[in-house]
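Take a look at the structure set out below.
Counting begins at 1 with the first residue of the sequence.
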Amino acid sequence: MAIQLNDIAIRGPLPEVPTELPVFLVHTPSLEERRPAIDRFRSLLKLDKFKTVDEDGSIFFENGSAGVQFYRASGSLWAENGRADADFPDERRPWRVVDEPDRDNAKNKRFVLPDEERKRLAQQAKNLFAEAGLLSPEAHFSGVVLDQVAKLDAKGREIERGVGEASARFLYRLETIDVAGPGAKTYAYFNPGADAPKFVSAYHAWRPVKDSRGIRVTSVEEILERTVLHDPQIQFADKRGDRIELRKIDLAYWALHPDAAQSYVYPVLLVEGVIFFHGATQRREATEFSRAYNAVSQKECAAAGIYADYLVDRID
C-alpha cells in the first residue's frame, strides 16, 4: 500500500500558508551593471594589474591569489584576498572577545565580539556594500559571526580554543517571508587590524526583483502529500518499515545557486526530519534529512503563465 501522510509523524507546528502567494520575477545583472561593485572590490584588493579569465560560466579578474569572480548566470560576485592569511600563523585571529552561552547548547561557551566591535564591523560592511551598489531593499542585517576554532591533540581532544575570521552577514526577505538558498546571501569577511578590521573577502548573491505574480497555493497538508510522499528516500524508508518523523516545517522562498539561471523566486516548504531504521533501539540507528519542496504546483504556475524547469514538482 502506498504511503499516506498519516503514516508519518509530524512533531513540529505547521506553518501558516496563505491561499495565494506571489512568485517573484527577478533580473540577472549584466557584467556592465556589476562594474561599480567589481571596481570597488578591485580597489580593496589592490588589483591595479590583473588578468581576465572567462571560463565555466564565470569571468575572473585576478592577480595571483587575489581576485573577483563574476557569475554570468546570476550576476553574483565573489571577491577574495588570498594573501590575507599570510599575516597569521594559522586560522586563529587575535580579536578581542567575550564569551557567552552557546545558543544550541547552554552548557558550552562560544566567543563573540564585544557589542562596540560588532557594531563597527556591521557598519563597515554596510558601507562597503552600499558603495558597491549591492544593498537592495529586500536585504536585512543578520548579524556578525565569529568563526570558532579549536586546537586538538593527537587523540582528537580539545586543548585550546580560539576564534577565526569575522563575517558581517546580510540576508533577504520578501513580504515578511525569509529567502533561503545559496542565491540569497551577502557576506563580508574581516581579519583584525591595528586601527580597523581588514577586509578579506566578500560574497554577494541576489537577483534583483522586478515584478511578481500571485499564484494559488493549497494547504500545507496537500503540499506535503504532493511532495514528501513522492520523495524516493521517504518511499524506500516506508517500504522497509522505518519510522519517519518530520521535526520542522517552514515556509520560505528559494534562491538558486549563483551558477544557475533563475527567472523566478518561488515559495518552498523547508522540511527537516528523521528516519529511524526498522528495529532500531538506539538514536544512532537513524538518519536525518532536510529538503526544500516546491510549495506551488506546476499546474498553478502554468495557469499564471510561469514556466521554468525548477518549478516542476520534484525533490530539490
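- Residue pairs meeting the side chain to side chain donor-acceptor pair (under 3.5 Å) criterion with at least one partner in residues 5-20, sequence neighbours excluded, are Arg11-Glu245.
- Summarising the geometry of Asn63 relative to Phe50, their closest heavy-atom pair is CB-CA, 4.3 Å, with the distance given to 0.1 Å.
- Residue Val217 is grouped with residue Leu14 when hydrophobic side chains (ILVMFWY) are merged at heavy-atom distances under 4.5 angstrom, including chains of intermediate members.
- Taking the charged nitrogens against the carboxylate oxygens, Arg120 and Glu117 do have a contact shorter than 4.0 Å, which makes a salt bridge.
- Residues Asn81 and Phe199 are not in side-chain contact: their nearest non-hydrogen atoms beyond the backbone lie 4.5 Å or more apart.
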For this session: Show your reasoning for whether side chain to side chain contact (heavy atoms under 4.5 Å, CB included) applies to Val149 and Val163.
Result: CA-CA 5 Å; Val149 178; Val163 294; 5.7 Å; no

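- No hydrogens or angles considered: a donor-acceptor pair under 3.5 Å links the side chains of Glu138 and Ser136.
- When all heavy atoms are compared, the tightest approach of Tyr264 to Tyr307 is CE1-O, 3.6 Å.
- Summarising the geometry, atom OG belonging to Ser167 is positioned 3.5 Å from atom CZ belonging to Arg169; distances are rounded to the nearest 0.5 Å.
- A 4.5 Å side-chain heavy-atom check between Tyr266 and Ile215 finds every atom pair outside the cut-off.
- No path of Ile, Leu, Val, Met, Phe, Trp and Tyr side chains, each step under 4.5 Å between heavy atoms, connects Tyr172 with Val144, placing them in separate hydrophobic clusters.
- Remark: Phe24 engages Tyr253 in a ring pair (Phe, Tyr, Trp, His ring centres under 6.0 Å) (not counting sequence neighbours).
- Here Lys46 contributes atom NZ and Leu44 contributes atom CG; the two are 8.0 Å apart, rounded to the nearest 0.5 Å.
- Summarising the local packing, CD of Glu55 is surrounded by more than 12 heavy atoms from other residues, nucleotides or ligands at distances under 6.0 Å.
- Evaluation of the side-chain hydrogen bond (donor to acceptor under 3.5 Å, both in side chains) rule for Glu62 yields no partner, not counting sequence neighbours.
- Under the 3.5 Å distance criterion, the side-chain polar atoms of Ser201 are left unmatched by any main-chain donor or acceptor of Glu80.
- Remark: side-chain polar atoms of Arg93 are paired, donor with acceptor, to backbone N or O of Asp90 under 3.5 angstrom.
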For this session: Under the side chain to side chain contact (heavy atoms under 4.5 Å, CB included) rule, what do Asp238 and Gln235 come out as? Steps first, then yes or no, please.
Result: CA-CA 5 Å; Asp238 178 68; Gln235 291 179 334; 5.8 Å; no

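- Judged by distance alone, the side chain of Arg34 and the main-chain N or O of Gly75 form a donor-acceptor pair under 3.5 Å.
- For Ser219, the side chain to side chain contact (heavy atoms under 4.5 Å, CB included) partners at least two apart in sequence or on another chain are Glu221, Glu222.
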Exercise. Can you list the steps and then say if Ser290 with Leu270 is a side chain to side chain contact (heavy atoms under 4.5 Å, CB included)?
Worked result: CA-CA 7 Å; Ser290 60; Leu270 301 178; over 6 Å; no

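- If you chain together hydrophobic residues whose side chains sit under 4.5 Å apart, Val145 and Leu121 never meet in one group.
- Side chain of Arg226 to main chain of Asn294: a donor-acceptor pair is present (N/O by atom type, distance under 3.5 Å, no hydrogens or angles).
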For this session: Under the side chain to side chain contact (heavy atoms under 4.5 Å, CB included) rule, what do Asp147 and Glu91 come out as? Steps first, then yes or no, please.
Result: CA-CA 9 Å; Asp147 287 348; Glu91 63 267 35; over 6 Å; no

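- Put simply, the side chain of Gln262 gets close to the backbone of Trp254: a donor and an acceptor are under 3.5 Å apart.
- Cluster partners of Tyr189, by chain and number: Tyr71, Trp78, Leu171, Tyr187, Val200, Tyr203. The rule joins Ile, Leu, Val, Met, Phe, Trp and Tyr whenever side-chain heavy atoms lie under 4.5 Å apart.
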For this session: Show your reasoning for whether salt bridge (charged side-chain N to carboxylate O under 4.0 Å, His left out) applies to Glu116 and Lys119.
Result: CA-CA 5 Å; Glu116 182 179 343; Lys119 290 178 182 178; over 6 Å; no

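- Inter-residue side-chain proximity for Val112 and Gln148 is flagged as unmet; no heavy-atom pair is nearer than 4.5 Å.
- Ile249 and Leu5 end up in the same hydrophobic cluster when Ile, Leu, Val, Met, Phe, Trp and Tyr side chains are linked at under 4.5 Å.
- With hydrophobic clusters built from ILVMFWY side chains whose heavy atoms lie under 4.5 angstrom apart, Leu174 shares a cluster with Leu269.
- Here the OG atom belonging to Ser74 is positioned 12.0 Å from the CH2 atom belonging to Trp206, to the nearest 0.5 angstrom.
- A salt bridge between Lys155 and Asp153 is absent, with no side-chain N of the basic residue lying under 4.0 Å from a carboxylate O of the acidic one.
- Looking only at side-chain heavy atoms (C-beta outward), Phe289 and Leu246 come within less than 4.5 Å of each other.
- Remark: Asp211 does not engage Arg213 in a salt bridge, criterion side-chain N to carboxylate O under 4.0 Å.
- Between Pro267 and Leu21 the shortest heavy-atom distance is CB-CD1, 3.8 Å.
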Compile the donor-acceptor pairs under 3.5 Å between side chains in residues 124-132 and protein atoms, sequence neighbours left out, one pair per line.
from   : atom 1 : to     : atom 2 : distance (Å)
Gln124 : NE2    : Pro197 : O      : 3.0
Asn127 : OD1    : Gln123 : NE2    : 2.9
Asn127 : ND2    : Gln123 : O      : 3.3
Glu131 : OE1    : Arg40  : NE     : 2.8
Glu131 : OE1    : Arg40  : NH2    : 2.9

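- Using a 4.5 Å cut-off on side-chain heavy atoms (C-beta onward), Trp95 and Pro114 make no contact.
- One distance of note links NE2 of His278 with CG of Asp242; it measures 8.0 Å at 0.5 Å rounding.
- When all heavy atoms are compared, the tightest approach of Phe41 to Ala202 is CE2-CB, 3.7 Å.
- Distance alone, capped at 3.5 Å, is enough to place a donor-acceptor pair between the Gln4 side chain and the Ala2 backbone.
- Taken to the nearest 0.5 Å, the CG atom of Leu31 stands 9.5 Å off from the CG atom of Asp54.
- Residues Ile244 and Ile234 form a side-chain contact, since some pair of their non-hydrogen atoms from C-beta on lies under 4.5 Å apart.
- A salt bridge does not link Arg72 to Asp56: none of the charged side-chain nitrogens sits closer than 4.0 Å to a carboxylate oxygen.
- More than 12 heavy-atom neighbours from other residues, nucleotides or ligands sit within 6.0 angstrom of CD on Glu100.
- Here the closest heavy-atom approach between residue Pro258 and residue Pro182 is recorded as CD-O, 4.1 Å.
- The shortest non-hydrogen separation linking Glu225 to His230 is O-ND1, 3.3 Å.
- For CZ of Phe236, the number of neighbouring non-hydrogen atoms (other residues, nucleotides, ligands) closer than 6.0 Å is 12 at most.
- His204 places none of its side-chain heavy atoms less than 4.5 Å from the side chain of Leu135.
- A donor-acceptor pair under 3.5 Å is formed between the side chain of Arg118 and the backbone N or O of Leu113.
- For the atom pair OG (Ser58) and CG (Asp259), the distance works out to 5.5 Å, reported to the nearest 0.5 Å.
- Judged by distance alone, with hydrogens and angles left aside, the side-chain atoms of Arg161 form a donor-acceptor pair with the main-chain N or O of Lys109 at under 3.5 Å.
- Between Leu256 and Arg207 there is a side-chain heavy-atom pair separated by less than 4.5 Å.
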